Asker: 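Before we start, here is the structure in question, set down as structure tokens.
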Amino acid sequence: MSSTLQAPATGATPASLEAAFARHLEECRQLPDWWLEMKRSAFERYRSLPMPSRKDQSWRFSRLRGLELDRFDFNSTTPAADHAGLIARSNLVSRTAGSMVFSDDRLIHNQPVAAELAAQGVVWEPIADALQQHRELLQEYFMAQDPRLGSEKFAALHTAFVNAGCLLYIPKGVEVELPFIAYHWASVAGGTVLPHTLVIAEESARLTLVDAFFAADRSAPHFACGFNHIFAGDNAEVQYYSLQDWSRRAVGFQINSLVTGRDARIKSLGINTGCSHFRGEHQSLLQGAGSHVDMFSLSVASGEQEMDQRTLQRHLAPNATSDLLFKNALSDASRTIFSGLIEVAEAAQQTDAYQTNRNLLLSPEAEANSLPGLEIHANDVKCSHGATTGQIDESEMFYMLSRGIPLNKARELLVFGFFEEVIGNIDEDEMADNVRALIERKFHEDASAQ
Amino acid sequence: MNTLDIRNLSVRVAGNEILKNFSLTIPKGEVHAIMGPNGTGKSTLAKALAGHEDYEITGGDVLLDGTSILELEPDERSRSGLFMAFQYPSEIPGVSIANFIRAALQARLAEGEELEATKYYKRLYEKMDLLSIDRKFTARSVNEGFSGGEKKRCEILQLAMLEPKYAILDETDSGLDIDALKVVAHGVNTLRSQNMGVLLITHYQRLLNYIVPDRVHVMYDGRIVKSGPKELALELEANGYEWVRDHATATA
């Protein structure tokens with residue numbers, strides 16, 4: 001149970017983290033001083049903070065310890081010859097309001113917003129470009145929410161090395177129908193990716209954004225540490241989708257932070273299929289009265305994958321609602337951890353907050369851990385949490401068989417039915433179909449690997 | 001040969017013998033009804049024929065057009081032409097009716113053969129219209145959140161789409177109001193043909209006013225104690241199941 005997590009040897013001997021950071025600073029020396037200064041102090045903070053251990057409440061059950069980061073190359077660069085192929089594979093959604101493709105943290109393709117949206121003040125830029133023109137936005141919002149679920153050290157690491165990411169700013173009252181999408185590719189074996197997404201929706205703005213995390217070679221090791229921060233202003237409406245399909249040998253962190261203004265609505269939906277060890281942290285801060293947050297997640301784990309997810313629904317304002325549904329399907333000897341907390345402050349009266357974790361065990365060796373929690377300081381609230389772990393329902397299976405559907409097909413239909421409760425909440429039909437295809441591919445890869 | 005032939009079938013559930021030397025022959029083209037009090041083994045018969053693993057066959061045989069089906073898995077029994085409409089159909093979240101029935105039909109095709117989507121939907125909509133099922137239901141998850149009547153209509157829709165050789169309708173009338181019952185009965189009557197044998201299992205005579213059987217069998221304590229023409233149902237209705245009990249005791 002106490003296996004040490006190590007990056008697989010990659011052949012090359014990457015420099016120490018200190019040397020990698022010095023080189024990173026050198027590479028971005030043309031960026032503004034305040035940005036570089038922030039990076040330097042973040043790197044110091046990274047070094048001074050202890051590596052999390054399973055003794056910490058927020059890392060209970062997690063196998064992650066002794067992560068030897070200097071085995072990964074923090075200065076990896078994708079060969080130019082590979083760019084076109086990766087851009088062609090960045091095809092999750094065909095009609096977008098704007099898209100960017102990054103590979104090993106370098107921007108390799110950028111479809112800017114239409115002139116009409118730009119004229120209304122919509123900003124969709126790589127963060128490196130936005131540092132000059134949108135300094136105030138970045139200084140106010142970049143990494144402005146501290147991680148509350150255990151990854152302070154990785155937040156510092158992310159800030160120190162961040163190079164890839166996008167800033168999306170939607171001004172007051174502007175509604176954008178088509179989705180924005182950022183693709184992040186991990187390409188070089190043994191490399192690192194630190195994707196960042198910052199979304200600021202002003203009052204009554206509306207938008208959809210997709211983050212896609214893909215691996216060029218789905219069997220190559222890499223390290224990923226991504227953050228996304230979403231700020232929905234008063235009455236704004238944001239849909240955020242993330243699709244984590246890093247390689248099967250990757251170690252990945254993804255920290256998701258949502259903040260609502262008055263009457264704002266955010267829907268966050270994540271799909272996880274990749275990584276040998278994945279850690280997802282999802283925190284929602286309902287600080288606007290009457291706001292609403294939906295948090296959905298679907299993780300499909302197989303082999304010896306570990307998917308470790310921690311969630312927080314933090315209600316600070318009255319009359320706000322939050323609804324969380326995290327589903328895990330576990331095959332082989334995979335394991336998942338779900339730890340969720342609903343926290344209701346004294347002032348947050350008339351809160352409605354729900355938390356549901358459902359685990360489908362498809363193998364006797366799979367292990368699902370569930371740690372739901374409530375911490376309520378207000379006296380007039382409706383909160384509930386529930387966790388279920390079970391196998392395929394026998395009466396449903398018999399019903400399928402009794403219609404002549406063979407066992408394997410029946411099982412596939414039932415498992416995919418389990419997924420639909422999450423996938424069905426993807427409003428973009430094309431993306432929903434692509435998500436289904438991606439999960440199907442994983443299933444068939446697993447089947448052929450056996 | 002054109003029969004579903006149940007011969008001296010004995011079935012045990014959780015250690016108790018429920019069916020005892022049960023015999024019944026249903027020819028194609030006929031509708032047979034089995035009536036009987038609760039706990040007499042009617043649903044056990046249905047589940048055992050469908051191949052549910054909790055129902056242990058301890059004796060006898062079941063021949064579908066002359067071939068024993070007892071060694072077949074539940075899905076193989078279905079593909080060989082047996083259909084069961086469940087008393088309590090399962091809800092299957094996330095699997096649409098259209099995909100469910102499609103998978104069942106696809107399973108009946110030869111390897112490499114694909115169901116043609118447009119033809120499939122055309123036929124599906126025809127059958128839905130026949131059963132007064134809103135076409136929007138195709139996208140809904142199987143039985144999820146359905147009323148009792150909707151579930152039963154969905155069962156008959158599957159029957160209509162799969163065109164089995166023999167259909168067993170287990171308490172298809174239970175929980176239905178008179179309007180829903182008429183719709184279901186109309187569906188079954190439309191599907192009645194020389195190519196299908198039907199076994200109606202019911203507790204109440206009411207269903208048989210709408211689906212008129214060729215033969216009625218009275219079941220008691222795991223076996224058939226009396227068989228007769230459709231009028232037997234009325235006789236049973238008039239005299240009650242106590243009459244059956246007395247009759248069974250007298251002949252035992």
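These values consider heavy atoms only, across backbone and side chains, with no hydrogens, waters or symmetry-generated copies. Note on naming: letters A, B, ... go to the chains in the order of the sequence lines (proteins, then strands), and numbering restarts at 1 for each one. In this text the structure is predicted, and so the values were computed from the model without any measurement.
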Asker: Do A:Glu396 and B:Pro93 have side-chain heavy atoms sitting under 4.5 Å apart?
Answerer: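 Answer yes - side chains close enough.
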
Asker: Would you say the side-chain atoms of A:Arg403 pair up with the backbone N or O of B:Met84, donor to acceptor, closer than 3.5 Å?
Answerer: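 Such a contact is found between A:Arg403 side chain and B:Met84 backbone.
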
Asker: Is atom OH of A:Tyr354 surrounded by more than 12 heavy atoms (other residues, nucleotides or ligands) closer than 6.0 Å?
Answerer: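 Atom OH in A:Tyr354 is packed in, count exceeds 12.
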
Asker: For residues B:Arg79 and A:Pro406, determine if any side-chain heavy atom of one lies less than 4.5 Å from a side-chain heavy atom of the other.
Answerer: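 Yes, at least one pair of side-chain atoms sits under 4.5 Å.
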
Asker: Counting C-beta onward and ignoring hydrogens, is there a side-chain heavy-atom pair between B:Ile92 and A:Leu414 closer than 4.5 Å?
Answerer: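 Answer yes - side chains close enough.
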
Asker: Using non-hydrogen atoms and a 4.5 Å limit, figure out which bit of A:Glu421 sits close to chain B: side chain, backbone, both or neither.
Answerer: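 Neither; nothing under 4.5 Å.
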
Asker: Which atom names give the shortest non-hydrogen contact between A:Leu413 and B:Val95, and what distance separates them?
Answerer: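 Nearest heavy atoms, A:Leu413 then B:Val95: O-CG2, 3.3 Å.
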
Asker: Quick one: CD1 on A:Ile405 to CZ on B:Arg102, what's the gap to the nearest 0.5 Å?
Answerer: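 Answer rounded to 0.5 Å: 12.5 Å.
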
Asker: Determine whether more than 12 heavy atoms belonging to other residues, nucleotides or ligands lie under 6.0 Å from atom CD of B:Glu76.
Answerer: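 Yes, because the 6.0 Å sphere around CD of B:Glu76 holds more than 12 heavy atoms from other groups.
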
Asker: Taking it one step at a time, do B:Phe83 and A:Ser402 satisfy side-chain contact (heavy atoms from CB on, under 4.5 Å)?
Answerer: CA-CA 7 Å; B:Phe83 179 89; A:Ser402 79; over 6 Å; no

Asker: Would you say the side chain of A:Tyr399 lies within less than 4.5 Å of the side chain of B:Pro89, judging by non-hydrogen atoms?
Answerer: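 When only atoms from C-beta onward are counted, A:Tyr399 and B:Pro89 do touch, with a gap below 4.5 Å.
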
Asker: Which residues from residues 106-123 of chain B are near chain A, with near meaning under 4.5 Å between non-hydrogen atoms?
Answerer: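 Against chain A, the residues of residues 106-123 of chain B that fall inside the cut-off (heavy atoms, under 4.5 Å) are B:Ala107, B:Arg108.
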
Asker: OG/A:Ser395 to CD/B:Glu91 distance, rounded to the nearest 0.5 angstrom?
Answerer: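 Here the rounded value is 10.0 Å.
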
Asker: With a 4.5 angstrom heavy-atom cut-off, could you sort out which part of B:Phe100 is near chain A: side chain, backbone, both or neither?
Answerer: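 For B:Phe100, the contact with chain A is made by backbone and side chain together.
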
Asker: Count the heavy atoms of every other residue, nucleotide or ligand shown that sit under 6.0 Å from CD of A:Gln391, and state whether that count exceeds 12.
Answerer: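 No - once you tally the heavy atoms of other residues, nucleotides and ligands closer than 6.0 Å, there are 12 at most.
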
Asker: Can you check whether B:Ser90 reaches A:Phe398 side chain to side chain, under 4.5 Å on heavy atoms?
Answerer: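 Not touching, per the 4.5 Å side-chain cut-off.
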
Asker: Among A:Lys409, A:Met400, A:Glu394, which residue has the highest count of heavy-atom pairs closer than 4.5 Å to chain B?
Answerer: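 Going by pairs under 4.5 Å, I would pick A:Met400.
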
Asker: Which region of A:Leu407, side chain (C-beta onward) or backbone (N, CA, C, O), has a non-hydrogen atom less than 4.5 Å from a non-hydrogen atom of chain B, or is it both or neither?
Answerer: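 When you check distances to chain B, only backbone atoms of A:Leu407 fall under 4.5 Å.
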
